[in-house]
Amino acid sequence: MLLLDGYDDLTPEHQAEIAAWLPELIAAHPGNHVLVAGPDHGYAPLVDAGLAPLFMRPWDDNDIETAVQKWAAAWPSYLAGSGRRARPNRDNTPSDAAIKAALNGARGLSATETTLKILAAFHGETSRAPGVWVESYLANLALPENVRAAAARAARVEIEHHRITSDMVAASTGNAEGAGDQGKLLLDLFRRGLLVEIGRGEFQFRHRAVGAYLAALSLKDADNARLREIALDPRWELALGYAAGIRSVDAAAAARLEAPSNVLVSTLTGLTRWLAYLDSKPAWRASVLRQIGNLFVQPGQYPLVRERLAAALAASRDAEATAIFERSLKSPDSDVRRLSALALGVLRSHQTVPTLVGLVRDVDPNVQLAATTALGAIGSDESYEELARAFAFGTEAVKQMAAETFAILPDVGFETLYDATRHETLEYRRASVFGLRRMRVGWALIELYRLFLEDQQWYVRLAAQEAIIDFQTHAAAKALAPYPEPSAIDWLGRWARQVGIKSEGVEADVLGRMATMPDATMQPVAVQALGQLGMLDRAGMLYRALLDGQPTVRDLAFRSLADIGLQHDAPLPSPV
């Protein structure tokens, strides 16, 4: 396996160079898996090089708790310092209250944000605002004032140029002759670990969050014209989030609210991320939440838009978000109810447990599964009891979902699943298999083998056998494969011959033609393929497909437009 790390940290020019020789590298090492750590947008060159996009999920609750416990164990040594001879002082072990503060509200944070939150909590800072965590980190570094000011200048330069050099920093101060002095300050920041060298005399911040916060400090005295100027610049988006916790950014928020929408609704959803950085309630907050709430429940809304709005609203960490989702549980639209149930689980809405229990028996099976998952995600004693009832008395699908939910709850779920594998009821034992197959612990695999070899019911043995095969063949990993060129798509060639197209080298045109023909089977497949292959030049066909009579085609066409926008880092205009 070849692992190439840091692609997303390169300048656009360097990224283009790497993407150009990647096909040669892959060809030179046939039979090897190649992994490139890249961005979650603008990855079209990597797809063109023959790689398939794979998105990493955030840390789950177990990952976060593991990180907190390991930091707690290492905290005395961390305070002692790796370069000192002083022995760790065990009296410095974080208190239970500090550990609880580190865990509280950490769900959904990035790994960097989680770490900063842990460090802040262990230093006694319990604020919910990420900007306060970064400030706590910087304060404990005890940077001299001139070094901190240099760091802020360097952060602003990195946002504008994707790299930092002494000449660029000097130019940003209006003193081009001061490059030597700025170079010394950059070297100081490098030695302190804030910067990493990416080329001779070129630097970047080691952690993007720290750089973005320092850049936000440079906006303290910026006028409204400047805020409006950078409001829609993706390079400044994270820094503006931090700035929202430092000063008023009403002008930037207004610019985003006035801007035309795109298929990813990112101009609107980005503002919910800013809300997560606040302890106050700015004037634009109510407008953002109202717009998102209305669009979320709007009849006929595109499913992808509804999903992105729900995720953004949950990520805002705003109390009103919970109220919006609670009201939406009564919607006649099953998709709204499903997403609302999932979001309330993410938000740990304890007061909605009784309502979610009712939704476990909803008329729509997908809503039933969402409500079951949400009960496990809320994490209260009451919700765990109701999850156990769903496991015992729900439909077959609900039992399976409850088992899979228990599989990620070691404290309450492992024992439940173990007991279920020995239960006299057939449905219990079979459902437990779906939980065991999701786990990656030794005893789970042993139990699967036991059920496969010893259970008296073939229905249980068959489920156990399929789970074991998944373990042995690493089915999930084998499912990853690069997107094929249109000329290598077998079903496309067969369809072309079937409709009388025999010319070679026109496969992309054939795919476009298929996407416009009213074929209930092949049209949706072609529409989806246009997006996966990132065919920006076929976007017009996808916009026309939004008027198709089949809801499935309309949904896939919209998702394909979003795929193309993400791949090429060019969000396409919204059709409405």
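In this text, all values refer to a predicted model and were calculated from it rather than measured experimentally.
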Using atom types as modelled, flag every donor-acceptor pair under 3.5 Å from a side chain in residues 220-228 to any protein atom, sequence neighbours excluded.
unit_1 : atom_1 : unit_2 : atom_2 : d
D223   : OD1    : A225   : N      : 3.3
D223   : OD1    : R226   : N      : 2.8
R226   : NH1    : E229   : OE2    : 3.3
R226   : NH2    : E160   : OE2    : 3.4
R228   : NH2    : E258   : OE1    : 2.8

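- Ion pairing between a basic and an acidic side chain is recognised when a charged N comes within 4.0 Å of a carboxylate O; R256 and E237 show such pairing.
- Judged as a ring pair (Phe, Tyr, Trp, His ring centres under 6.0 Å), and not counting sequence neighbours, the contacts of H123 are W75.
- A donor-acceptor contact closer than 3.5 angstrom is absent between the side chains of E447 and Y418.
- In this structure P45 satisfies the side chain to side chain contact (heavy atoms under 4.5 Å, CB included) test together with Y7, A19, sequence neighbours excluded.
- By the side-chain hydrogen bond (donor to acceptor under 3.5 Å, both in side chains) test, D63 is found to be paired with R57, residues two or more places apart in sequence or in another chain being considered.
- Identified under the side chain to side chain donor-acceptor pair (under 3.5 Å) test for residues 184-202, with sequence neighbours left out: R163-E202, D188-R192.
- With sequence neighbours left out, R337 forms a salt bridge (charged side-chain N to carboxylate O under 4.0 Å, His left out) with D362.
- Sorted by first then second residue, the side chain to side chain donor-acceptor pair (under 3.5 Å) pairs that include residues 243-252, not counting sequence neighbours, are S248-D250, D250-W284.
- By the salt bridge (charged side-chain N to carboxylate O under 4.0 Å, His left out) test, R438 pairs with no residue at all, sequence neighbours left out.
- Shortest non-hydrogen contact noted between P53 and Y43 is CB-CE1, 3.8 Å.
- The side chain to side chain donor-acceptor pair (under 3.5 Å) contacts involving residues 315-325 comprise R285-D318, E320-R327, where partners must be two or more places apart or lie in separate chains.
- With sequence neighbours left out, R208 forms a salt bridge (charged side-chain N to carboxylate O under 4.0 Å, His left out) with no residue at all.
- With no hydrogens or angles considered, a side-chain donor-acceptor pair links S383 and S380 at under 3.5 Å.
- In this structure, A321 and L313 approach most closely via the heavy-atom pair CB-O, 3.4 Å.
- What you find for A431 and A403 is that their closest heavy atoms are O-CB, 3.1 Å.
- Side-chain N/O atoms of S266 and N262 include a donor and acceptor closer than 3.5 Å.
- Closest approach of W236 and A215 over heavy atoms only: CZ3-O, 4.0 Å.
- The salt bridge (charged side-chain N to carboxylate O under 4.0 Å, His left out) search around D233 returns R235, not counting sequence neighbours.
- We find that K100 and E65 are not joined by a salt bridge, their nearest charged nitrogen and carboxylate oxygen being 4.0 Å or further apart.
- In summary, of the residues considered (V265, L271, L268), a side-chain contact (heavy atoms from CB on, under 4.5 Å) with I292 occurs for L268 alone.
- Residue pairs meeting the salt bridge (Lys or Arg N to Asp or Glu O under 4.0 Å) criterion with at least one partner in residues 108-126, sequence neighbours excluded, are E113-R273.
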